[in-house]
Number of protein chains: 2
Amino acid sequence: MATRAARGFGQYSGVARAVERVGERWALLIVRDLLGGARRYSDLKASLPRIPTNILSDRLKELQEAGVIRRVPTVRGGYELTELGHGLEPVVAALERWGWAVLGEPGEAETVSSDSLAFALRAAFRPDVAATLPPTEYVLHVAEVSLSAIVVGATLDVAPVGQGALPQPRRRSALEPVPQTVLELTVAPAALRDLLSGTDAARPRLDADPELVDRFTRTFRIEPAAPTPGALEVGVA
Amino acid sequence: MATRAARGFGQYSGVARAVERVGERWALLIVRDLLGGARRYSDLKASLPRIPTNILSDRLKELQEAGVIRRVPTVRGGYELTELGHGLEPVVAALERWGWAVLGEPGEAETVSSDSLAFALRAAFRPDVAATLPPTEYVLHVAEVSLSAIVVGATLDVAPVGQGALPQPRRRSALEPVPQTVLELTVAPAALRDLLSGTDAARPRLDADPELVDRFTRTFRIEPAAPTPGALEVGVA
DNA sequence: CGGGATCCCAAGCGATACTG
DNA sequence: CAGTATCGCTTGGGATCCCG
């Protein structure tokens, strides 16, 4: 369509092109969910309860045209990321980390999805710290979703507690001895935010082994809008 | 406005919240330009030639409400990032890097702005490699913009060749001896893309010292959609 | 003259109904 | 289950106008 050109930003720039491709409303949330593995149309619709079905349909088409996702040939209504789509992981992870700093309290009618929670854990995971700790399974219950995060060495393996939807490559932890140490936590969404940001506020109220809770907060952390030490800080002038 | 709630995604999630705050059309391009330092309304309008003036005005208001930018008190029409806004740098940098992989050829009517080029260089800068090379100034002419990038050790200092608009903290290189080695390059936008992505295609046609060109391509590089080795790769299942 | 505000139209979004 | 069709509403685009 000619609209594409008209909707562009008129700039030959990386950011502009990226936003043209994946900046439409809902698009990056779809990508985030697909970063957890292949999903069916109905899975996405369930994970994103407020997305209108025509918009989901439009976005899936556009993301296919952009080469970000493809259909899973063997599954009706199945979609998965292409390699290019997987390249968006740093983008989505950066958004996730910044977003936690401005999360605030949950609005009424705001829900927590299994995919969003799983992605948050993966974005918060600190492999270097985890490598120094014993193997542990964390079972989280947040609002109406539950998932299990198994940490062995520097690796993290997250899966919903119910069970997965599409046949995925079997979780790695099924191939190995599962750690005996299990921390089961039931927390409100905002309390999880405090836990992950290192705020001590939520911790004392948790009815769980304090040492394991400490292990959790050291393994998973999202700094509140870190000023990002790195190449880009240099020479801003 | 009550629209804000209605326009939300209904999810208590970092990505969702981030996109609600800075996902509106043009918003991240404004942030990108402000990552180069404070800018006036007219600077932004000139950097983003296709933005309607009302949209620029709306976005600036929204970004202020979101705590991402603030006005510069001493300068009429001046805006700058807050600390929270600076926290978006990893987001914009990740978009920039992914965007280069899908840049393609410049569309007709697509332009290159000084701010976008400067940001691309900063996103492509590899401080660890630069630290091993002698101090060098690179003067780039791409389409109708020109800028100077001074690399000394692991630090990069980019400035437009004309001159800056708002009084900025003086560029660091003004305080130090400027490197005598200067590489001046005049390249088409798409050729710069090839240079930065490490493709050898553009190099032989450059009329410049091959060793300095090599130094440039080692100092500045954007891998074409790297599969990002890191925490998030682990345990996708 | 730079920094915005107003207007109108077109395009995109959201809700619901409907079909293979 | 996996979408398509339709319709009203909201937002963005472009030009113009206003104000200090």
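A, B, ... follow the sequence lines: proteins, then strands. Residue 1 opens every chain. No hydrogens, no waters, no symmetry mates; every other heavy atom, side chains included, goes into these values.
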Lys/Arg cation over aromatic Phe220(B): Arg122(B), 6.0 Å, 45° cone: no
Options dT11(D), dA2(D), dA11(C), nucleotide nearest the side-chain atoms of Arg7(A): dA11(C)
Using only side-chain N and O atoms of Arg25(B), determine if any of them is under 4.0 Å from OP1 or OP2 of dG12(C). no
Specify the separation, in whole Å, of atom CZ of Arg50(B) and atom C1' of dA15(D). 15 Å
Please confirm whether the shortest side-chain N or O distance from Trp26(A) to OP1 or OP2 of dG14(C) is below 4.0 Å. yes
CG on Leu28(A) to CZ on Arg59(A), rounded to 0.5 Å: 10.5 Å
Can you tell me the distance, in whole Å, between the CD atom of Glu20(A) and the P atom of dG13(D)? 12 Å
Please determine if Arg25(B) forms a cation-pi arrangement with Phe9(A), meaning its NZ or CZ atom is less than 6.0 Å from the six-membered ring centre and no more than 45° off the ring axis. yes
Please report the C-alpha distance between Glu20(B) and Arg7(B) in whole Å, then the side-chain angles of each, then the deciding distance to 0.1 Å, and finally whether the salt bridge (charged side-chain N to carboxylate O under 4.0 Å, His left out) criterion is met. CA-CA 8 Å; Glu20(B) 286 168 9; Arg7(B) 289 281 294 175; over 6 Å; no
Is the closest side-chain heavy-atom distance between Arg21(B) and Trp98(A) below 4.5 Å? yes
Between atom CD1 in Ile51(B) and atom C1' in dA5(C), what is the gap in whole Å? 15 Å
The contact string for nucleotides 3-8 of chain D, one letter per nucleotide 5' to 3', using protein heavy atoms under 4.0 Å with B, S and - for base, sugar-phosphate only and none, comes out as BBBB--
Arg17(A) with Glu110(B): basic N within carboxylate O range, under 4.0 Å: yes
Can you measure Ile55(A) atom CD1 to dA2(D) atom P for me and round it to whole angstrom units? 19 Å
Gln11(A) side chain to Leu48(B) backbone, donor-acceptor under 3.5 Å: no
Please report the distance, rounded to the nearest Å, between CG in Leu56(B) and C1' in dG2(C). 13 Å
Runs of at least three Watson-Crick or G-U pairs with DNA chain C, cut-off 3.5 Å: C:1-19 with D:2-20
Arg59(A) has a side chain; which of dG13(D), dA2(D), dG12(C) sits nearest to it? dG12(C)
Going by heavy atoms in the side chains, are Glu62(A) and Ser57(A) under 4.5 Å from each other? no
Nearest whole Å is fine: how far is dG12(C) C1' from Glu24(B) CD? 12 Å
To the nearest Å, how far apart are Lys45(B) NZ and dA5(C) C1'? 13 Å
Here the pair of heavy atoms bringing Val145(B) nearest to Ser114(B) is CG1-N, 3.7 Å
Specify the separation, in whole Å, of atom CG of Leu48(B) and atom P of dG4(C). 15 Å
